[in-house]
Amino acid sequence: MTATPARDTPAQRHVNELIEWLRIPSVSSDPRHAPDVHAAADWVLKKFNAAGLETELIPTDGFPLVVAQTPPVPGAPVVLVYGHYDVQPPEPLAKWTSPPFEPTIRDGNLYARGATDDKGQVLTHIQSVCDLLARGETLPLQVKFLVEGEEEVGSQNLEARLESLRDRLACDCVVISDSSQYADGVPAITYGLRGIITFELEVTGPNRDLHSGSFGGAVMNPGIALARMMSSLVDSSGRIQIPGFYDDVQSLAADERDAWQKLPQDDASFAAETGVCATFGETGFTTDERRWARPTVNINGLVCGHQGDGVKTIIPSSALAKFSCRLVPDQAPEKIAAGLREHFERHAPVGITWTLSIGHGADAFLADRDSRFMQAARDAIASAFGREPVLIREGGSIPIVTQFQQTLGCDCLLLGWGLADDNAHSPDEKFRLDDYHRGIQASTMLWKTIGKL
């Protein structure tokens, strides 16, 4: 059924407000939606203003930063909540069961682009603070908010402004909800993220596309050359062949490996969920270890030759691969790039030239599993979700997290309320309403537990 406003109980009001925000198609990567992205910023700014927070809309060369804060509490910790109001493009539209910007409730889930990534999750923290203030309660700590509109396109303007905002955003801990639980009914705190570096490899051969009958066998085919170069990066056991790639990789602690092996996951269910016939990865590591704490190389896209219908028998003049490396703590993106150039110099076939372009990079993130903020979060989540959260890492990258850690000198808590099947970045993105409400409860408890530190 299509969501419609309900009578104004607190829980229903929370849902109605999320629906209202989700209706705004704030796709930051699409210039046609620029007015909508600004409208999404205005929506959250008005929400803060209505609650009486001190607010500021900070312009950037792109979309604005929405900054808000509650009054300082002498001697108490300061927490900064970070989130984003921009969303991914909704395409392919035909694969949505209901339109992406017409929020719809089905089977207890709210379907819309941005439902879990990240409007729904960041709104849990906004709702908790606004509700406490509306009830006349005094917060036992100061809570600051930073909600940006360019996370889905790399956060470059926030990164450029972060140093100048150091005093404005000064805090003891950053709280981010832009991830997921480990499994349905198994809440999680993510204490580690992999870093990333992206590349494009272009291979060039003849000065034009050639007839494959007239010239085949006499010149190196750039498509074959690219395939050889890319396949040389990983051996049959999943081991990456870039020189020096593993030099700085941290070994997993025994207690981490033991804890992860006790999690309710097996390769058969993982394969079934992802639609593959079998798992694959670096020999000697479990699936969770491979995707959370081991480095990888992955091809993200290939462009070569004829792409239209039918056959066109050519030797293409060029071929392009887009690929990336996920990195673990202590791996430096610039060192990986240098090793990659050395590797391609050794493995490039004769008869072609190649160019390696380096894209964006970010260091891996690792939090202190034993910090006072981590314990406070564990207590708050256990209270709201009815069970202790598990501590996990995540294979993805959130570059701004490392920037917060380095610039603000603070702890970081990654508290995900979503589920792995919430379809973030995919059609039929959703957020289970029970988890939305539990996230608000956990956030409310978090302020109270941190306030006692």
Side-chain angles (χ1 to χ4, degrees), residues 3 5 13-51 53-69 80-91 93 96 98-104 110-130 144-159 161 165 169 175-178 398 400 417-418 422-427 429-431 436 439-440 443:
R13 176 175 52 80
H14 293 156
V15 173
N16 293 340
E17 290 183 343
L18 176 55
I19 288 170
E20 184 179 313
W21 204 17
L22 289 171
R23 285 197 178 108
I24 304 172
S26 48
V27 182
S28 55
S29 62
D30 188 342
R32 296 172 299 176
H33 284 292
D36 300 311
V37 184
H38 284 285
D42 290 339
W43 188 95
V44 72
L45 184 70
K46 290 175 182 176
K47 175 70 175 174
F48 286 135
N49 283 331
L53 275 69
E54 178 187 320
T55 62
E56 184 179 4
L57 194 67
I58 300 176
T60 72
D61 291 337
F63 297 113
L65 308 174
V66 182
V67 177
Q69 65 180 30
L80 172 67
V81 175
Y82 164 80
H84 61 95
Y85 58 83
D86 65 322
V87 300
Q88 280 279 312
E91 287 80 9
L93 297 177
W96 285 81
S98 52
F101 297 110
E102 294 180 17
T104 302
L110 179 55
Y111 288 85
R113 173 58 86 226
T116 193
D117 182 20
D118 176 49
K119 288 177 178 176
Q121 296 209 63
V122 70
L123 192 56
T124 64
H125 299 297
I126 297 170
Q127 298 285 25
S128 69
V129 169
C130 292
K144 299 180 179 180
F145 291 91
L146 169 63
V147 190
E148 69 151 320
E150 297 179 323
E151 192 275 345
E152 299 291 5
V153 291
S155 299
Q156 291 182 352
N157 283 303
L158 173 56
E159 290 185 12
R161 296 293 301 274
L165 293 171
L169 302 178
V175 171
I176 302 173
S177 291
D178 195 7
I398 308 177
I400 198 63
W417 315 135
D422 276 346
N423 300 322
H425 294 209
S426 299
E429 180 180 347
K430 67 177 177 67
F431 193 13
Y436 175 54
I440 296 171
S443 179

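Note that the numbering runs from 1 along the sequence shown for the chain.
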Practice item. Starting at OH of Tyr82, measure out to CG of Leu65 and round the result to the nearest 0.5 Å. Key: 9.5 Å
Check your understanding: Checking side chain to side chain contact (heavy atoms under 4.5 Å, CB included) for the pair Glu151/Ile400: CA distance, chi angles, key distance, verdict?
Key -> CA-CA 9 Å; Glu151 192 275 345; Ile400 198 63; 5.8 Å; no
Check your understanding: Any donor-acceptor pair under 3.5 Å linking the side chain of Lys119 with the backbone of Trp21?
Key -> yes
Practice item. Mark yes or no for whether Glu150, through its side chain, and Phe63, through its backbone, hold a donor-acceptor pair below 3.5 Å. Key: yes
Review point. Where is the tightest heavy-atom contact between Tyr436 and Leu123, given as atom of each residue plus distance?
Key: OH-CD2, 3.4 Å
Point to revise | Sub-4.5 Å side-chain heavy-atom contact between Val175 and His125 | key: yes
Exercise for review: Step through the shown structure and confirm whether more than 12 heavy atoms of other residues, nucleotides or ligands are within 6.0 Å of CD on Gln156.
Suggested key: no
Review point. Does any N or O in the side chain of Asp422 come within less than 3.5 Å of the main-chain N or O of Ala424, such that one atom is a donor and the other an acceptor?
Key: no
Practice item. To the nearest 0.5 Å, tell me how far Leu18 CG sits from Thr124 OG1. Key: 10.0 Å
**Study point:** Donor-acceptor contact below 3.5 Å, side chain Arg113 vs main chain Pro89
**Key:** yes
Check your understanding: What's the shortest heavy-atom distance between Leu165 and Ile58, and which atoms?
Key -> CD2-CD1, 3.8 Å
Point to revise | Closest non-hydrogen atom pair, Pro103 against Ile19 | key: CG-O, 3.6 Å
Review point. Looking only at heavy atoms, what is the nearest atom pair of Pro90 and Trp96, with distance?
Key: O-NE1, 2.7 Å
Study note, to complete from the structure: The reported gap from CZ in Arg161 to CD in Glu148 (rounded to nearest 0.5 angstrom) is 12.5 Å
Check your understanding: Taking all non-hydrogen atoms of both residues, which atom of Ser177 and which atom of Gln121 are closest, and how far apart?
Key -> O-CB, 3.1 Å
Review point. Which pair of heavy atoms, one from Ile440 and one from His14, lies closest together, and at what distance?
Key: CD1-ND1, 3.4 Å
Study note, to complete from the structure: Which of Val66, Asp178, Leu146 passes side chain to side chain contact (heavy atoms under 4.5 Å, CB included) with His84? It is Asp178
Exercise for review: Give a yes or no on whether the backbone of Leu45 and the side-chain of Thr55 come within a donor-acceptor separation of less than 3.5 Å.
Suggested key: no
Revision key, fill the gap. NZ of Lys47 to CG of Asp42, rounded to nearest 0.5 Å, is 15.5 Å
Practice item. Classify the ring geometry between Phe145 and Phe48 as parallel (under 30°), tilted (30 to 60°) or perpendicular (over 60°). Key: tilted
Exercise for review: Give a yes-or-no answer on whether the side chains of Ser29 and Glu152 include a donor-acceptor pair shorter than 3.5 Å.
Suggested key: no
Exercise for review: Measure the spacing between CG of Leu110 and CD of Glu429 and express it to the nearest 0.5 Å.
Suggested key: 9.5 Å
**Study point:** Euclidean distance, Thr104 OG1 relative to Lys430 NZ, rounded to 0.5 Å
**Key:** 14.5 Å
